[in-house]
Amino acid sequence: MDVEIYYFSGTGNSFALAREIAGKFGGALYAIPAMMDQEYISPQADALGLVFPVYHKGIPLILKRFVDKMVALENRYLFAVCTYGDTPGLALPHLAKLIQARGGSLAAGFGVQMPFNYLTPTLKLKGFLDAFTLREVPVEKQRALLATAPQHVERIVAYVRARKSGDFAITSDFLTRLADHFDLNETLGKSVWLKVAGVTEPTTLSFLESRQLMDRAFHVDEHCIGCGNCARICPVRNIRMVDNAGDSHRKPQWQQRCEQCFACLQWCPQQAIQFGSNTAGRKRYHHPDVKLADMFLFS
Ligand SMILES: Cc1cc2nc3c(=O)[nH]c(=O)nc-3n(C[C@H](O)[C@H](O)[C@H](O)COP(=O)(O)O)c2cc1C
Ligand code: SF4
Ligand code: SF4
């Protein structure tokens, strides 16, 4: 079967899975960010897979932008695999709608639970913004989660080979569906997360688009050695290395077109990138079988 796999990934979970799936099919593997300069995405294979992380119970902005560029989807078999830390949320139904608007049809959507790589609220009586910390997933739990990946891959590959349709990993979580129904992410979710990121001015951007501004909370501490890895790993070239008076080397500067993939923070070899006031000293994560060089998409 002729298969093309398109992926987006910040800390390697989705990349590792996409690489495995493409390998099983002997299919082509494409990084979505590296294709975004194209005016249209015109797939050639008869089966297409999209692999990506769940963000805020939905999809990453870049995935929407990518799908909006896709053409000639009619009569192709489309499937999606989302990786998530807690719940796939409504990422797959949202993606299905976007694909439908492009004339295609999402035949199946799978969810694979993997280590969580983002901020998580903790119970705190005081200091609402400080309650969002980088979640540390114990190594044993990481191993246990990652050990299930081969079974997922086998199931997905068998399903796609048989060209079946109908399977969708959708949360049945009542609150998620309620929040979606009343569009609470657009109102409540957006204002909370913008506040966490230190964006105080009003914006007309949707919650999805407003992620671009959330890099406001990134800053670099004294451990930075100016290696430039953060700029190289950023999938949307959102980081510039700049000279500042008084600094012995260049330091990253964020450009407000962020995807919030957390690659810069998680992969910095010095753990010098912080988000807000509560990530210093917290353990960083990336998929153990993925190397930094695997994540560099631009020269
Ligand atoms: C901005 C952001 C938002 C996230 N939101 C969710 C979420 O709503 N539900 C969830 O289960 N995991 C969430 N996660 C965790 C990721 O989906 C999960 O760790 C994923 O496997 C990361 O994939 P990657 O390594 O390919 O980037 C979020 C991660 C980020 C960076
Ligand atoms: S990856 Fe870390 S150490 Fe290297 S330039 Fe970026 S912030 Fe500094
Ligand atoms: S700035 Fe950091 S979090 Fe934002 S897209 Fe680039 S690597 Fe990801």
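Atoms within a ligand are numbered from 1 in the order they appear, just like the ligands themselves. Everything quoted here is computed from the prediction, not taken from an experiment.
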Listing protein N, O or S under 2.8 Å around atom 6 (Fe) of ligand 3 gives Cys234 SG

Near Phe218 (heavy-atom distance under 4.0 Å), the atoms of ligand 3 are 3 (S)

- Query: Does Phe298 have Arg237 sitting over its ring (NZ/CZ under 6.0 Å from centre, angle to axis within 45°)?
  - Reply: yes

Quick look: Ile225 vs ligand 2, heavy-atom contacts under 4.0 Å, and the answer is both

Numbered in order shown, the ligand 1 atoms found under 4.0 Å of a heavy atom of Ser14 are 23 (O), 24 (P), 26 (O)

Residue pairs meeting side-chain hydrogen bond (donor to acceptor under 3.5 Å, both in side chains), one or both in residues 6-21, sequence neighbours left out, come to Glu4-Tyr6, Thr11-Asn117, Asn13-Tyr285, Ser14-Thr83

Of Gln113, Gln260, Met214, Lys57, the residue with the heavy atom nearest atom 1 (C) of ligand 1 is Gln260

Taking only non-hydrogen atoms of Asp86 and a 4.0 Å limit, the atoms of ligand 1 in range are 10 (C), 11 (O)

One finds that the ligand 2 atoms under 4.0 Å from a non-hydrogen atom of Gly226 are 5 (S), 8 (Fe)

One finds that the ligand 2 atoms under 4.0 Å from a non-hydrogen atom of Ile273 are 7 (S)

The closest protein heavy-atom partner of atom 20 (C) of ligand 1 is Thr83 OG1, 3.3 Å

A student checking ligand 1 against Gly10 at a 4.0 Å heavy-atom cut-off should list atoms 24 (P), 26 (O), 27 (O)

Taking only non-hydrogen atoms of His56 and a 4.0 Å limit, the atoms of ligand 1 in range are 1 (C), 3 (C), 4 (C), 5 (N), 6 (C), 7 (C), 8 (O)

for atom 3 (S) of ligand 3, nearest protein heavy atom and its distance come out as Phe262 N, 3.2 Å

The closest protein heavy-atom partner of atom 9 (N) of ligand 1 is Thr87 O, 3.5 Å

* Is the distance between the ring centroids of His286 and Phe15 less than 6.0 Å? -> no

Does Arg211 count as lying over the ring of Phe207, i.e. NZ or CZ under 6.0 Å from the six-ring centre, within 45 degrees of the axis?
yes

Near Gly85 (heavy-atom distance under 4.0 Å), the atoms of ligand 1 are 10 (C), 11 (O), 12 (N), 18 (C)

One finds that the ligand 2 atoms under 4.0 Å from a non-hydrogen atom of Met241 are 5 (S)

- Give the intermediate values and the outcome of side-chain contact (heavy atoms from CB on, under 4.5 Å) for residues Thr279 and Arg284. CA-CA 9 Å; Thr279 59; Arg284 276 23 183 187; 4.2 Å; yes

Q.
Measuring from non-hydrogen atoms of Gly89 to any atom of ligand 1, is the shortest distance under 4.0 Å?
A. no

Quick look: Phe116 vs ligand 1, heavy-atom contacts under 4.0 Å, and the answer is both

For Thr11, the ligand 1 atoms with a heavy-atom partner under 4.0 Å come out as 24 (P), 25 (O), 27 (O)

of all protein heavy atoms, closest to atom 5 (S) of ligand 2 is Gly228 N, 3.2 Å

* Are any of the N/O atoms in Val54 less than 3.5 Å from those in ligand 1? -> yes

Practice item. Spell out, yes or no, whether Val51 and Tyr159 are grouped together once hydrophobic residues are joined by side-chain heavy atoms under 4.5 Å, including indirect joins. Key: yes

Going by the 4.0 angstrom heavy-atom rule, the piece of Pro115 near ligand 1 is backbone

Joining Ile, Leu, Val, Met, Phe, Trp and Tyr whenever any side-chain heavy atoms lie under 4.5 Å apart, the cluster holding Leu61 also takes in Leu208

Applying ring-ring contact (aromatic ring centres under 6.0 Å, His included) to His287 and not counting sequence neighbours gives none

Quick note on ligand 2: atoms under 4.0 Å from a heavy atom of Val220 include exactly 7 (S)

Evaluation steps, ring-ring contact (aromatic ring centres under 6.0 Å, His included), between Phe262 and Phe275: CA-CA 9 Å; Phe262 260 42; Phe275 189 93; 5.4 Å; yes

Is it the case that the side chains of Tyr55 and Glu259 hold a donor-acceptor pair, with the cut-off being a distance below 3.5 Å and no angle test? no

Within 4.0 Å of some non-hydrogen atom of Pro269, the atoms of ligand 2 are 1 (S)

